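Quick notes on the structure that follows.
Just so it is clear, the model here is predicted, and its values are computed rather than measured. A, B, ... follow the sequence lines: proteins, then strands. Residue 1 opens every chain.
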There are 2 protein chains.
Amino acid sequence: MHTHKSTLEEVAAAAGVSKMTASRALRGAPDVSIKTRDKVLQAAERLNYLGNRLALSLSSQRTDLVAVVVPSMSNIVFPEVLAGISTGLEGSGMQAVFGISDYDVTKERNVIRDMLSWRPSAIIVTGLDQPDETVRMLKNAAIPVIQIMDLDGTPIDFNVGLSHCKAGEEMARALIAAGRKRFGYIGSALDRDLRAGKRKAGFERVLHENRLAFIGQRLGDTLSSVSLGKYLTHQLLSSEPSLDCIYYSNDDMAAGGAFASMEASRTDDILMAGFNGLELAAALPVRIATSRSPRHMIGEVAARLARGSMAPNAPSVSKITAFVPEITGIV
Amino acid sequence: MHTHKSTLEEVAAAAGVSKMTASRALRGAPDVSIKTRDKVLQAAERLNYLGNRLALSLSSQRTDLVAVVVPSMSNIVFPEVLAGISTGLEGSGMQAVFGISDYDVTKERNVIRDMLSWRPSAIIVTGLDQPDETVRMLKNAAIPVIQIMDLDGTPIDFNVGLSHCKAGEEMARALIAAGRKRFGYIGSALDRDLRAGKRKAGFERVLHENRLAFIGQRLGDTLSSVSLGKYLTHQLLSSEPSLDCIYYSNDDMAAGGAFASMEASRTDDILMAGFNGLELAAALPVRIATSRSPRHMIGEVAARLARGSMAPNAPSVSKITAFVPEITGIV
DNA sequence: CTTGGTATCGATACCGGTATCGGTAACAGA
DNA sequence: TCTGTTACCGATACCGGTATCGATACCAAG
């Protein structure tokens with residue numbers, strides 16, 4: 001199409017030195033005189049030389065690539081984790097490569113396999129509920145495996161996140177302490193979003209401890225969304241008007257619930273509770289309860305672990321980094 | 001850490017054949033007997049063999065990598081584009097690699113350079129306002145360059161998106177036709193988000209054509225968010241109570257505006273207009289106007305172009321794919 | 001029995017860099 | 001003058017695959 005991609009060999013020839021010397025000069029390695037270095041740099045500039053990381057990585061046996069597998073890109077949660085990873089990797093010379101699993105274990109396995117074949121220096125995956133085969137593959141890769149978001153399970157190497165079970169429990173406790181008594185639940189596709197399921201289970205456990213239970217619930221089968229939350233809330237409110245609190249699978253759904261409560265003029269006697277602590281939640285005209293999950297921070301910590309694993313004198317980092325979500329929005 | 005990564009050579013040895021034959025067997029290439037193929041496959045299975053794409057790509061001179069550079073991950077727009085790219089690439093054997101530029105041209109240049117050094121088969125970048133140096137680099141890469149989101153400018157190779165100038169113009173025309181007369185504007189960091197600036201410019205042009213102008217405006221200097229939109233709207237409404245319509249840099253900001261209008265009990269006499277057509281916008285308890293941008297579709301089309309560029313018999317695709325955003329929410 | 005075609009496989013040369021080690025020149029000290 | 005360092009540079013062997021071409025075996029046809 002356009003011009004020709006120049007190689008190190010050509011740069012070396014143009015500078016009148018050997019390939020090896022050119023390589024050293026461009027990398028700023030020692031054993032190169034100033035004069036030679038300048039000659040090479042100029043030649044590289046002139047030829048628009050752009051290194052070839054394939055060759056570099058193959059030769060040096062390190063890719064400085066961090067593979068990242070997340071289940072979805074359709075709500076803001078995982079993109080924020082990715083942003084966190086991106087910041088955390090900044091200045092390290094490492095590159096993140098992302099893959100999406102669509103909450104599908106088979107797809108996840110394939111994505112992970114594809115990523116591993118690039119021989120990344122570390123891999124970050126979401127959750128720790130991978131099937132045995134996937135775990136075997138990950139262990140076999142002989143690189144640090146960083147499992148994020150979830151803490152409820154047995155990690156392979158590193159684990160950064162929070163306990164969704166506990167998050168659900170704490171939210172239930174806080175709501176009960178605030179005097180709520182008649183609970184409903186609204187969620188979507190819990191068979192796929194395992195973490196939402198764990199939150200619900202934790203919530204329900206505490207309800208039972210207090211001789212309570214969900215009076216009514218609605219489960220959607222599509223991806224979570226504000227509209228879905230709103231729609232299901234209207235349904236639930238009309239069939240169970242006595243509810244004074246609804247727990248949602250996440251903040252998107254809860255925001256929809258808040259809108260529904262406004263439309264039904266129920267904002268004063270019912271409280272919606274979600275999960276994530278989205279920016280949106282704080283701006284809503286009606287207060288909703290939520291657990292703030294440190295998404296960006298989880299990404300940053302995961303990135304730091306990936307970087308650390310490259311450092312020769314890796315300080316002994318803790319294998320598990322646990323965050324405790326702060327609950328807000330309960331009057 | 002764990003086990004040893006096995007190579008093709010080892011698989012070949014274990015199967016009692018040459019490296020070359022093993023390679024052919026694993027790729028399903030011809031010239032391999034069924035019996036030999038099975039032997040190799042079994043050996044590979046036994047050794048947990050995982051191909052090495054670095055070596056593969058270096059040797060075959062094609063990476064099947066699609067580099068993608070987006071400015072941000074902190075609102076849902078670009079993640080949805082990435083999701084679109086991901087779906088569009090599915091089944092093609094191509095892998096997307098993402099980079100974030102943070103709306104910073106210098107950072108964008110660096111990210112692009114880093115990505116190009118992986119020798120991707122195509123590159124997708126956001127917008128067509130790259131500085132000359134970056135354009136030169138992109139052209140020099142000798143791969144198809146796909147510029148997305150924006151149409152207002154001169155593309156390098158391919159262009160998929162919509163005209164933000166026109167989007168602004170059309171929105172203004174629609175709002176004026178609906179009887180709105182006293183306009184305000186609320187945005188944020190327009191020096192960085194060039195497309196939002198173009199929409200504003202288009203909007204303003206039409207206002208002028210109709211002997212109108214923004215009566216008041218507020219510009220934030222942080223990233224756009226619902227809270228920021230709400231905050232600035234409260235400010236603007238109190239200083240310019242006569243407004244009957246506010247144009248926002250995007251839907252996040254406009255949603256914040258909608259919340260502010262509710263809190264100020266102004267929902268009946270003022271209309272908020274945004275851009276993107278977010279899912280959230282449709283669920284809001286108060287209607288806002290918006291232009292629906294086909295984010296997922298843009299990603300899919302871009303991915304298709306990236307795939308097509310690999311096909312030997314590339315059908316002559318149009319260099320420019322233009323979308324016209326549909327305007328909704330105007331009563 | 002020779003010839004020719006087909007099926008199957010392997011040897012060798014890359015791809016574009018880096019690691020390693022050895023060589024040369026210049027300069028210091030004995 | 002001889003020897004030992006140090007600074008600088010290049011030849012060679014990889015890294016782990018694929019492309020290419022040639023070799024071998026087998027079978028049918030002449």
Side-chain angles (χ1 to χ4, degrees), chain A residues 4-41 43-44 47-65 93 114 116-121 141-142 312, chain B residues 4-41 43-44 47-65 93 114 116-121 141-142 312:
Chain A
H4 164 76
K5 278 168 282 182
S6 51
T7 70
L8 182 62
E9 183 108 50
E10 294 168 0
V11 173
V17 298
S18 78
K19 219 169 82 168
M20 203 52 235
T21 301
S23 168
R24 279 193 272 254
L26 290 171
R27 279 179 295 156
D31 285 353
V32 181
S33 71
I34 309 281
K35 213 163 64 180
T36 308
R37 192 170 59 81
D38 289 347
K39 261 195 313 188
V40 173
L41 258 42
L47 297 181
N48 285 313
Y49 176 69
L50 187 60
N52 185 330
R53 297 215 43 165
L54 293 167
L56 190 161
S57 296
L58 181 60
S59 168
S60 63
Q61 295 288 72
R62 29 182 290 265
T63 55
D64 287 347
L65 231 43
D114 282 356
L116 287 180
S117 68
W118 284 102
R119 299 294 142 100
S121 302
Chain B
H4 164 77
K5 277 167 280 181
S6 51
T7 71
L8 182 62
E9 184 109 48
E10 294 168 359
V11 173
V17 298
S18 77
K19 218 169 82 169
M20 202 53 235
T21 301
S23 168
R24 278 193 273 253
L26 289 171
R27 281 180 292 156
D31 285 355
V32 181
S33 71
I34 308 281
K35 215 163 62 180
T36 308
R37 192 169 61 81
D38 289 346
K39 262 194 313 187
V40 173
L41 258 42
L47 297 181
N48 284 313
Y49 175 69
L50 186 60
N52 185 328
R53 295 213 47 160
L54 293 167
L56 190 161
S57 296
L58 181 61
S59 168
S60 63
Q61 296 288 72
R62 29 183 290 265
T63 56
D64 288 345
L65 231 43
D114 282 356
L116 287 180
S117 69
W118 284 102
R119 300 293 144 101
S121 302

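- Looking at which nucleotide of DNA chain C each of B/Gly16 and B/Arg119 is closest to, the 5′-most match is held by B/Gly16.
- Taking atom CD1 of B/Ile34 as the reference point, atom C1' of C/dC9 lies 15 Å away to the nearest angstrom.
- A close approach under 4.0 Å does occur between a side-chain nitrogen or oxygen of B/Ser18 and OP1 or OP2 of C/dG10.
- In terms of phosphate contacts, B/Tyr49 brings no side-chain nitrogen or oxygen within less than 4.0 Å of OP1 or OP2 of D/dG16.
- Within the nucleic acid shown, A/Thr36 comes within 4.0 Å of sugar-phosphate atoms alone, with no base atom in reach, counting heavy atoms only.
- Across C/dC15, C/dC9, C/dA19, the shortest atom-to-atom separation from the side chain of A/Ser60 is found for C/dA19.
- The nearest pair of heavy atoms linking A/Asp64 to A/Gly93 is CB-O, 3.8 Å.
- Remark: C1' of C/dG16 and CD of A/Gln61 are 14 Å apart, rounded to the nearest angstrom.
- When all heavy atoms of B/Pro30 and B/Arg24 are compared, the closest pair comes out as O-CD, 3.6 Å.
- Nucleotide C/dT12 holds its C1' atom 13 Å from the CD atom of B/Glu9, rounded to whole Å.
- For B/Arg37 and A/Leu50, each mapped to the nucleotide of DNA chain C holding its nearest heavy atom, the one lying further toward the 5' end belongs to B/Arg37.
- Taking all atoms of both residues into account, the shortest heavy-atom contact from B/Val40 to B/Val11 is O-CG1, 3.9 Å.
- Projected onto DNA chain D by closest heavy-atom contact, A/Lys19 and A/Ser33 fall at different nucleotides, the more 5' of which corresponds to A/Ser33.
- No donor-acceptor distance shorter than 3.5 angstrom exists from the side chain of B/Arg62 to the backbone of B/Ser121, with no hydrogens or angles considered.
- Contact annotation: side chain of B/Arg24 to base of C/dG10, donor-acceptor pair present below 3.5 Å.
- As rounded to whole Å, 10 Å separates atom C1' of C/dG17 from atom CG of A/Leu54.
- Between B/Met20 and B/Asn52, the one whose closest nucleotide on DNA chain D sits nearer the 5' end is B/Asn52.
- Nucleotide C/dA25 holds its P atom 16 Å from the NZ atom of A/Lys35, rounded to whole Å.
- Distance CG (A/Leu58) to P (C/dG17): 12 Å, rounded to an integer number of Å.
- Counting to the nearest Å, the P atom of D/dG17 and the CG atom of B/Asp64 are 17 Å from each other.
- Between the CG atom of B/Leu58 and the CZ atom of B/Arg119 there is a distance of 10.0 Å, given to the nearest 0.5 Å.
- Counting any heavy atom pair closer than 4.0 Å across all strands shown, A/Arg27 reaches sugar-phosphate atoms only and no base atom.
- If you take CG of A/Asp31 and C1' of C/dT18, they are 14 Å apart, rounded to a whole angstrom.
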